[in-house]
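A short worksheet on the structure shown next.
Per chain, numbering begins at 1; letters A, B, ... match sequence-line order.
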2 protein chains.
Amino acid sequence: MAVDAVVFGYAKTEGVSVLLIRRKYAPFQEGWALPGGFLHDDESLEAAVRRELEEETGIRAPYLEQLYTFGDPGRDPRQRVLSVAYFALVKSSRFQELKASTDAADVQWFPIGALPKLAFDHKEIVSAAIARVRAKIRYQPIGFELLDKTFPFADLERLYSALLDRPIDRRNFAKKMLALGILDETQEVAKSEGKGRPSKLFRFNKKRYEQLQKEGMNFEI
Amino acid sequence: MAVDAVVFGYAKTEGVSVLLIRRKYAPFQEGWALPGGFLHDDESLEAAVRRELEEETGIRAPYLEQLYTFGDPGRDPRQRVLSVAYFALVKSSRFQELKASTDAADVQWFPIGALPKLAFDHKEIVSAAIARVRAKIRYQPIGFELLDKTFPFADLERLYSALLDRPIDRRNFAKKMLALGILDETQEVAKSEGKGRPSKLFRFNKKRYEQLQKEGMNFEI
DNA sequence: GCAAAAGTGTTTACGGTACACCCATGC
DNA sequence: GCATGGGTGTACCGTAAACACTTTTGC
């Protein structure tokens, strides 16, 4: 019984990326694969995912959600293995903190538009994860898990545009998002990185979201 | 490695019900539980669910969808068991075809508002399944899987009302549903069962739905 | 003819969408 | 002062929601 994780990260330049490891051992030695591994006794599924992620990639997964269980006979050439797949969302600020170890020879982010060939049925798992995140970001505020704690509004818009793979009207998007009342404007302003007007920084107010959620508000982009 | 199934059925009088078996053996002997059992070698997860369902309850599951995998250590008192839970939707006409066998001492439908105490963590599984179906019926035409092939419009409305647990405006519902263009009106008319005007019978046009789906229409109630 | 359930349109309000110009900064 | 990216408001249209009376049957 194994767990695998599709870890998503976001950076302004590269867009949405997935974390892959290069396998040290057979089968698929030297091939790219999802981080993951076998479940220990007396360990919950989620704990196993967090452990494997930290062991293989050095990443501490913040947001973690079960995706689907893949169990076709033959999906692992060695023996029958069920894999419970999870997806994780990592904040931009942690995007770079990677270190390969245990059964990973290398760790690397790959933009979702340029994935390499993957071991096992991991291509299918990644596709399912992308579909899930794409659908979910429209009715749950999970996008914030991919940004820093405070972020310029334009980053949020770029993230949605990248994930939904279509242009977004800046004014309508801001209107809608601000009307939800779950963004706090901070006093800070982004230090300008080159050209253009510096942007105000916002923060996602999770408490307020949960409060409004209870009152029947629904997030919908 | 086990599979469990939350089978939903619908009848005008009892509303939405779940199929439970009475366990023949320990643990939880004589307790009510979800139909399910251990995975055979070289059998897909879905095949295992269908096999167990037929063995224990005599029901051939038509619509089947993976729900969630439950794997907390301690959820089965005997040993560590992962359970991949599925939910199934059974047409009204098959509602009555039940026969207990193998490790089931009895099989019975229970309305979702009046469930007995359940073995293992099956209460949690049922809750997750109800939540999923409730959410899903609003944006996918899965309601038809719970009705007969042809059905009076009012039945569809009652089903939605029962699942969403709120009254539905008949005129708006009909307008919206018919506007989708996925219902065919048959020539038949329901034989009146007692009082009231007999109703026209409709049929869900799955082909047309898939066609429209491809063209970007979206089902939304 | 009356009780019970099916069938059917119109009006109003709100939210989605389209759309363009000004502002602050770096160079 | 110009290039670059950030920030902001209005008008229209379409769909969601509210709302009640007529029709067909059994008894």
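The residue B/Lys175 sits close to a base: some heavy atom pair falls under 4.0 Å.
When the P atom of D/dA17 is taken as reference, atom CG of B/Asn172 falls 7 Å away, rounded to whole Å. D/dG6 atom C1' lies 10 Å from atom CD of A/Glu157, rounded to whole Å. Going from atom CZ of B/Arg197 over to atom C1' of C/dA5 covers 9 Å, rounded to whole Å. Residue B/Glu220 contributes atom CD, which lies 14 Å from atom C1' of C/dG16 at whole-angstrom precision. For the pair A/Phe173 CZ and C/dA18 P, the computed distance is 16 Å after rounding to whole Å. Atoms CE (B/Met177) and P (D/dA16) sit 13 Å apart, rounded to a whole Å. If you measure from atom CG of A/Asp169 to atom C1' of C/dC21, you get 14 Å, rounded to the nearest angstrom. In this structure, CZ of A/Phe153 is placed 10 Å from C1' of D/dG7, rounded to the nearest angstrom.
Among the nucleotides C/dA6, C/dG16, C/dC19, the one closest to the side chain of A/Arg171 is C/dC19. Relative to the side chain of A/Lys176, the nucleotides C/dA6, C/dT17, D/dT25 differ in distance, and C/dT17 lies closest.
Minimum heavy-atom separation, B/Asp4 to B/Gly37: OD1-N, 4.4 Å. The shortest heavy-atom contact between B/Ala5 and B/Leu34 is O-CD2, 3.5 Å.
Annotation: the span from B/Ile168 atom CD1 to B/Arg158 atom CZ amounts to 11.5 Å, rounded to 0.5 Å.
Scanning atom types as modelled, one donor and one acceptor separated by under 3.5 angstrom connect the side chain of B/Arg170 and the base of C/dA6.
Checked against the 6.0 Å centroid criterion, the rings of B/Tyr10 and B/Phe8 do not qualify as a close aromatic pair.
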